[in-house]
Amino acid sequence: MADEDIKSLTSKRVLLGVSAGIAAYKTPDLVRRLAELGADVRVILSKNSEQFVAPLALQAVSGHAVHNHAMTAESESGMGHIDLARWADVVLIAPATANFIARLCQGAADELLTTVCVATAAPLVIAPAMNQQMWQNQATQDNVATLIQRGVRMLGPDSGEQACGEVGPGRMMQPEDIAAGLSQSFEHSSLTGTSVMITAGPTWEALDPVRGLTNHSSGLMGYAIAQAAVEAGASVTLVSGPTNLEAPQGTQCVDVISALQMHAAVMADIDRQDIFIAVAAVADYRPQLEELKKIKKNAEKVSIGLIRNPDILAEVARLPKAPFCVGFAAETHDVEQYARAKLKAKKLQLVAANHVGGDETGFGVADNAISLISSDSVTELPKQNKHALARALIVEIAQHYQASNNNL
Ligand code: C5P
């Protein structure tokens, strides 16, 4: 096989389990995406999922007869449940409904798909899909936490508009993102066994109890990087300023408001981190005095004294046992030149530089592009959605991190 024919899932056997949720209608597209990456895909439909997707469509795109929920003498005489469980390199459940997650958690073996999940030694990956209330229900959250603890990997869910008309977390990740996330679990650049701390979002520097200084950082990029690091197998601590985002499943999230709080939260746990990725847009200055009462508009003119905040990243990078440090640089011009200066000044291993202003990349928008700069290399990660970009960035960071360990 020529090198260019080897794709990220070439010769990987993916057993796709489809449980009975509306997002099942997207699974023929998912199968097609997995096959495009080189995977050999077999499909098991759970009870009732045939109401949301036609078995014939899945058969056509996978090239194999679909296994349905029943364990009959006929089906067992073909590829039976133990053979299927042994055949798989990975079992992917998409969509994974709240009910299916609960049964998985209990170890139920009441139909073909649940039985295969209990019988397989292959890693399990699930892409949840459900109404946002069902996702946020404590029972679902507890079940998900238990599954993660047992080593089940999560892909998503995403947030946004739902089939039921509500808006919130619980949407199944898009098929192309599930396929990309799954292929990442086979990459050599995995971060299994690595502790990663990420700062994200803006900070809020209070002037008085109701007003403050802040910026437009949405936290999207930092949260996407946290999710990609979890998908790559890292143990992830996310120290986040105020955002409207849900912390990605599997991360340990520490919520902070001001730069001083972010500084304290980072320093309290930095000793056990292997990699530190500073994505937060930390306010450089804070008001010298925080008024305890709301400032009244009595005077014509007021001046506010500002003092410098600590540079969290520079301080971490200067620690005697500093982790591998990655900084971000948002620049409007001479991006590479400024990024190189930052790499040197803050003693970083990598700087992820992005061009802001002028086009549609940077703060608060879905797409972004990055130049990743080390002391002796520049890698261009082209404009793409922040989830895809975060995954590509984590692959690069993992490779640089491993190379730096090999050089020690
Ligand atoms: O120096 P500048 O603010 O441009 O550097 C940006 C990088 O430094 C980002 O990675 C940001 O998260 C980090 N930073 C920090 N603490 C600060 C200011 C910036 O960690 N007070």
Side-chain angles (χ1 to χ4, degrees), residues 196-206 212-226 228-229 236-243 245 253-270 273 275-288 306-319 322-357 361-364 368 370-374 381 386 389-390 393-394 396-397 400-401:
V196 178
M197 180 183 270
I198 296 160
T199 64
T203 62
W204 170 271
E205 311 299 325
L213 303 177
T214 188
N215 59 64
H216 282 308
S217 169
S218 62
L220 274 174
M221 194 66 217
Y223 278 56
I225 291 171
V236 178
T237 306
L238 176 63
V239 182
S240 175
T243 71
L245 305 172
C253 188
V254 184
D255 288 317
V256 297
I257 296 173
S258 66
L260 284 183
Q261 288 174 359
M262 185 173 277
H263 176 261
V266 167
M267 291 304 166
D269 204 21
I270 199 67
Q273 306 297 334
I275 300 176
F276 180 62
I277 310 175
V279 197
V282 185
D284 292 322
Y285 294 92
R286 67 179 183 277
Q288 204 158 7
L306 299 176
I307 48 172
R308 274 296 282 270
N309 271 326
D311 188 319
I312 304 169
L313 175 59
E315 216 173 288
V316 168
R318 277 199 309 265
L319 289 171
F324 184 93
C325 284
V326 185
F328 267 70
E331 306 289 352
T332 52
H333 59 285
D334 298 325
V335 176
E336 195 179 322
Q337 194 187 328
Y338 281 120
R340 277 205 183 286
K342 203 162 292 185
L343 190 83
K344 255 184 135 178
K346 298 200 189 194
K347 296 188 187 313
L348 310 177
Q349 279 68 46
L350 289 172
V351 170
N354 65 325
H355 197 278
V356 288
T361 56
F363 276 177
N368 207 354
I370 278 176
S371 307
L372 189 64
I373 291 157
S374 76
L381 302 175
K386 284 185 178 174
L389 186 64
L393 188 63
I394 282 293
E396 290 293 331
I397 291 174
H400 281 272
Y401 170 67

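Heavy atoms only: backbone and side chains are in, while hydrogens, waters and symmetry mates are out. Here the structure is a predicted model, which means the values were calculated and not measured. Atoms within each ligand, like the ligands themselves, are counted from 1 in listed order.
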Item checked: I312, any N or O under 3.5 Å of ligand 1 N or O -> yes
Notebook entry, point to check: Is any side-chain heavy atom of V316 less than 4.5 Å from a side-chain heavy atom of V266?
Noted result: yes
Next item on the list: Please tell me if the side chains of L348 and C325 come closer than 4.5 Å, counting only heavy atoms from C-beta onward.
Entry: yes
Check: Can you tell me which residue and heavy atom of the protein come closest to atom 14 (N) of ligand 1, and the distance to 0.1 Å?
Finding: D311 OD1, 3.9 Å
Item checked: For the student: nearest non-hydrogen atoms of A200 and L238, plus distance -> CB-CD1, 3.9 Å
Item checked: S218 and Y223: side chain donor to acceptor below 3.5 Å -> no
Check: Which protein non-hydrogen atom lies closest to atom 12 (O) of ligand 1, naming both residue and atom, and how far is it?
Finding: A280 O, 2.7 Å
Next item on the list: Distance to 0.1 Å, residue and atom name: give those for the protein heavy atom nearest to atom 6 (C) of ligand 1.
Entry: F328 O, 3.1 Å
Next item on the list: Run the salt-bridge test on D284 and R308 with the 4.0 Å N-O cut-off and return the result as yes or no.
Entry: no
Check: What's the shortest distance from atom 21 (N) of ligand 1 to any protein heavy atom, and which residue and atom give it?
Finding: P310 O, 2.8 Å
Check: Does ligand 1 have a heavy atom under 4.0 Å from the side chain of A329, from its backbone, from both, or from neither?
Finding: neither
Checklist line | Atom of I370, atom of F328 and distance for their closest heavy-atom approach | finding: CD1-CE2, 3.9 Å
Checklist line | Validation row: P310, L260 side chains within 4.5 angstrom (heavy atoms) | finding: yes
Checklist line | Protein contact of atom 18 (C) of ligand 1 - nearest heavy atom, named by residue and atom, plus distance | finding: V282 CB, 3.8 Å
Next item on the list: Answer with yes or no whether N309 contacts ligand 1, where contact means a heavy atom under 4.0 Å from a ligand atom.
Entry: no
Next item on the list: Could you tell me which non-hydrogen atom of A226 sits nearest to which non-hydrogen atom of I198, and how far apart they are?
Entry: CA-CD1, 3.4 Å
Margin query: Does any N or O of ligand 1 fall below 3.5 Å from an N or O anywhere on L313, backbone included?
Written below: yes
Note to self: Side chains of H400 and S374, heavy atoms from C-beta outward: is any pair under 4.5 Å?
What the structure shows: yes
Check: Below 4.5 Å, heavy atoms only, C-beta onward: do E331 and K342 meet side chain to side chain?
Finding: yes
Checklist line | Atom indices of ligand 1 within 4.0 angstrom of G327 heavy atoms, with elements | finding: 10 (O)
Note to self: Considering non-hydrogen atoms of the protein only, which is the closest contact for atom 10 (O) of ligand 1, and what is the distance?
What the structure shows: A278 O, 2.6 Å
Check: Does at least one non-hydrogen atom of A330 fall below 4.0 angstrom from an atom of ligand 1?
Finding: no
Next item on the list: Identify the protein heavy atom lying closest to atom 4 (O) of ligand 1, giving its residue, its atom name and the separation to 0.1 Å.
Entry: K342 NZ, 2.4 Å
Notebook entry, point to check: Taking N or O atoms only and a 3.5 Å limit, does K346 qualify as a polar contact for ligand 1?
Noted result: yes
Next item on the list: Would you please determine whether H263 falls within less than 4.0 Å of ligand 1 on a heavy-atom basis?
Entry: no
